[in-house]
Structure formats: structure tokens, C-alpha cells
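Let me begin by presenting the structure, written as C-alpha cells, before commenting on it.
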Amino acid sequence: FTLPGWKKNKLTYRIVNYTPDMSKEDVDKAIEKAFKVWSAVTPLVFTRIRKGIADIMIAFGTTAHGHCPRYFDGPLGVLAHAFPPGNGLGGDVHFDEDEDWTTGSAGFNLFLVAAHEFGHALGLSHSKDQRALMFPSYAYVSLSEFPLSPDDISGIQSIYGSPPNVPDKRPTTPTSPKTCGSQMSFDAITTLRREVIFLKGRNLWRVYPDNSETERELISAFWPNLPPGIEAAYENTKDQILFFKGNKFWVISGYQVLVGYPKNINTLGFPKSVKKVDAAVCNKNTGKTDFFIGDKYWRFDENSQSMEKGYPRLTVNEFPGISHKVDAVFQQKGLFYFFHESKQWEFDPIAKKVTKEMESNSWFNC
Amino acid sequence: LPTYPEKVSEEDSKFVQNYLNKFYAIEPDPNQRAWKINAESTDEKLQKMQQFFGLKVTGKPDNETLEMMKKPRCGVPDVGLYG
């Protein structure tokens, strides 16, 4: 849904007060960056003023605050709200000061929440698309990604049009991770028959190791109902892939998510204390899957579909040399490849030793 | 099939009622200039919320629905013209 937008493209904003959670510079930066999200895909220009009435007045408040007809509810629950284009409260954005506002993934990222609320201040309603920035529930997404989904872009452009001098092809998303960037890391990696699939944020790369061809796609292009930010993935012994995020997992066969998924990871045998999986790999030779969580791993028997007794165990004991948190892992030609941030380690499970250390993007022929 | 809590606690049912009143209560009524407070029943509002979030539409506060409701979120209503 969209509402009538502003009748002008040049809009002003004013930051009326600040949260003590962040430095003023960080708040200014977060707000400016949040406006840039929308000016990147529309003709809109946002200018900051420091006095008087701006089109978009930005303030932090708690419970009942000023003349606002809505109130906040203390920590969690409602994080912020905004009003559609118009005079008075129209276009204004309020943040709940009882929340923990941050620049990173802890607490609530001010930039991400501000970009969402500015969508309302420009005329957008909530979106039903879980991948959209305008989806009502908060979800942290990697800040190296452009946060607008195609749904957000078509919504805002239906009100204001495209940015000037863009030929009328669909606007490309301004930033996408560069696989050959020096700090490239991955959220999850899995094999799929002869391919290796690398996942990060909303993107996946299909790599054919035999001829080092790569293809980049949106995860949603293959599996529309998978969320961005998959945390672990592995190919099991039945030509299926399992994807993990938080305490949920999906089983995929080809393009289909099997019926009944997502399920809770405790159906695999994890206790309720386990909230997420960092990485997973199925050893094709033994039919056992190792789940890596923190500095420990659990072992799951694919044949009996049950978690083995006596786990979790310390990862470094079974995999000497693998002492970091495991971001992602996969098996290729019998060897395991463990990833942590921009590094990866080749591990020989027979010799039980690391045989090589490489950059995480070594599979991309950079 | 969605799993149901044994019995929805009074606290949870108040929470559900408050949530629906806050985010699913106001509907546009083009025929009348004034907004019409949404007189739908709680079940109908709940179904609308479940549809919106892509949950199984049961009209009942099952565990998944409660879990989604308890996620931190934006204070703008999900339906209507959030005016």
C-alpha cells in the first residue's frame, strides 16, 4: 500500500534530540545514511536543518511523548513509529528511547529502523514480504548489503518515480558484496552435487570447482520463502539441502521446500538451550553430520536420524587447528574446508590435521 | 499443524488483544468520511494478522503466532492507511 507522497522532491529533516546510547556523530551518520537509502532509488533530496519546522522531524521519546497520539511501551515491543506525508505530525518519526540503539547488530540498529520509518514518512505502508525493509518486524541484516528489496523499490517508485537520468531499466541495487574484496566472508556454504554454493546476506554464488565458473543470484530467486541471512547449510545423503537460521531449519529438494518446514532445530535433537547453528557439514564417507556451535560440535547420524550421545565436544579436539568459531564449512573430495571471516583452512579428516590456510574467496578465481 | 499452548494465559490473551487493537483495529471506510473503528471479532483480526505475516491462518493464538507477535517491531498499524 502507498499513500499520497510529498508534493515536492526536496525535503528537509531535523534531528530534534539524541539518544544517550550513541554518540551524536553516530546518530547523525545513521540518519543521513537512512535517507540515502531512499534518495538512491528516487528523485528525492533530503537536506538537514537545525532549527525550526522541517518536513520530517526526528525525535527520541518514551511512553507518552509530546503531542504524539501514540505511546511507546518500554523496552522491546514497539521500537519506533512514523506518520505519513503531511503537515503537523505528518512525516514525523519517533524512536523509543527505552530501546538499546546501536550502530551494529547488538540491540537495535538505528540506521535500519530509521530507514524503515522514513519509508512510512515518505508514504509507504508495511509490506507482507519478509525480505522487505518495510516488513513490520525488526530483523538485523548485514550492513554491507543494500537494505531495500525489489518490493520496497517498486513501492517507493510508484509514488516518486525513478532517480533522474537513470535510463528506464530497473535500478540495480547499488551495492552487492564483491567476492574478490579482501575482507570477503560467508554466512554459510554447502555443496549441491558437483556445485559449491556460497551464501551471504541475500546473495548466493554457485561455484563449479572443476572449471571455476561462478554465478551470482539472489537466494530468493531459487527459494523465495527462504529468509536472507542464512546461518548454516549442508547437503545430506538424500540429495537434499538443509538451511538454518536462528532456531529454524528448512529442507530443500531441488527447488521445493519440503512440506512442514521450517521446523524447530530441537526436532533434530538439540536441547532448547541451543538457539542457532553456526555451520554444518555432512561427511559423505561416514553419513554423519557435524553441527558447529561456538567452540563445540554435535554429531548427527543421518541413517538413524538422531543426534549421537556424548556430544557436544570441543571442536579443536576432533579437528586440531580449527580453533576459531566456524562461520561455514563444506566437504570437497574428502577434505573439509572451514571458514572464519576472511580465512579458510583445508582439513584432512584422515590425517586429522590442517593441510592449508587460504583466503575465504580462493574458490572465486580472484 | 500449528502447535497450541495448552491454555492461553490471561497475560497472553491480553497481549494478543492489545496487539490486534494496536495494529489491526483501524480500517478505511471510503463510504464514510470518518474512520470506522474495526468491529471485526478478535478471531477475524487474528486471521488477518496471520495472513499478513504468512503464518497458518487458524484464527487462534498458536505458538508461532504468539512468537511473531512478540518480536520487536514498528508501531505503525499493518492495515488501513495508518493515518
Side-chain angles (χ1 to χ4, degrees), chain A residues 1-4 68-73 75-86 89-90 93-96 98-100 107-109 112-117 119-121 123-131 133-140 224-225 227 246-248 260 262-264, chain B residues 1-6 9 11-30 33-38 45-58 61-83:
Chain A
F1 286 106
T2 59
L3 276 175
C68 182
R70 296 188 198 132
Y71 53 91
F72 286 131
D73 53 359
L76 302 177
V78 169
L79 305 179
H81 53 225
F83 295 89
L89 273 176
V93 174
H94 302 159
F95 298 98
D96 186 349
D98 282 333
E99 309 302 346
D100 178 21
F108 296 104
N109 185 280
L112 288 174
V113 176
H116 173 102
E117 298 305 331
H120 289 310
L124 288 182
S125 283
H126 281 146
S127 165
K128 295 180 181 181
D129 182 341
Q130 291 208 22
R131 298 157 297 178
L133 177 67
M134 293 313 291
F135 189 70
S137 302
Y138 173 82
Y140 177 78
N225 36 25
N247 64 359
K248 292 201 172 41
K263 285 185 180 173
N264 193 295
Chain B
L1 287 175
T3 54
Y4 293 101
E6 289 309 314
S9 68
E11 188 188 343
D12 274 346
S13 27
K14 265 193 196 143
F15 175 80
V16 166
Q17 195 61 50
N18 182 41
Y19 186 98
L20 294 174
N21 285 342
K22 202 181 286 184
F23 303 115
Y24 288 85
I26 304 277
E27 281 289 342
D29 187 343
R33 297 309 306 155
W35 298 118
K36 172 175 72 67
I37 294 293
N38 189 332
K45 282 185 222 163
L46 198 48
Q47 282 178 18
K48 193 167 284 186
M49 176 264 172
Q50 288 166 334
Q51 247 161 18
F52 189 96
F53 280 93
L55 301 169
K56 286 188 182 53
V57 180
T58 62
D62 54 62
N63 282 340
E64 256 191 307
T65 302
L66 281 172
E67 190 183 332
M68 181 61 85
M69 282 184 163
K70 287 179 180 171
K71 283 185 176 179
R73 56 160 291 159
C74 169
V76 170
D78 296 332
V79 293
L81 298 178
Y82 79 91

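Lettering follows sequence order; numbering is per chain, from 1.
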Heavy-atom proximity to chain B below 4.5 Å, by part of [X]:
X: A:Glu99; answer: neither
X: A:Phe108; answer: side chain
X: A:Asp73; answer: side chain

Output all residues satisfying salt bridge (charged side-chain N to carboxylate O under 4.0 Å, His left out) with A:Lys248, sequence neighbours left out; order by chain, then residue number.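 Salt bridge (charged side-chain N to carboxylate O under 4.0 Å, His left out) check on A:Lys248 returns B:Glu67.
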Using a cut-off of under 4.5 Å for heavy-atom pairs, which of A:Pro69, A:Pro136, A:Ser137, A:Pro75 has the most such pairs with chain B?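 Most pairs with chain B among the choices: A:Pro136.
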Please determine, among A:Gly260, A:Ser127, A:Gly86, A:Gly90, the option with the most heavy-atom pairs under 4.5 Å with chain B.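 Most pairs with chain B among the choices: A:Ser127.
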What residues, two or more places apart in sequence or in another chain, satisfy side chain to side chain donor-acceptor pair (under 3.5 Å) together with B:Gln47?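 Side chain to side chain donor-acceptor pair (under 3.5 Å) list for B:Gln47, sorted by chain: empty.
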Which pair of non-hydrogen atoms, one from A:Cys68 and one from A:His81, has the smallest distance, and what is that distance?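 Of all heavy-atom pairs spanning A:Cys68 and A:His81, the closest is SG-NE2, 3.4 Å.
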If we ignore hydrogens and angles and just use 3.5 Å, is the side chain of B:Gln50 paired with the main-chain N or O of B:Thr58 as donor and acceptor?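 A pair under 3.5 Å: yes.
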Main-chain N/O of A:Ala82 paired with A:Arg70 side-chain donor or acceptor, under 3.5 Å: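 Such a contact is found between A:Arg70 side chain and A:Ala82 backbone.
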Side chain from CB out, backbone as N, CA, C, O: work out which of these in B:Lys70 comes under 4.5 Å of a heavy atom of chain A, or both, or neither.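 Looking at B:Lys70, nothing touches chain A.
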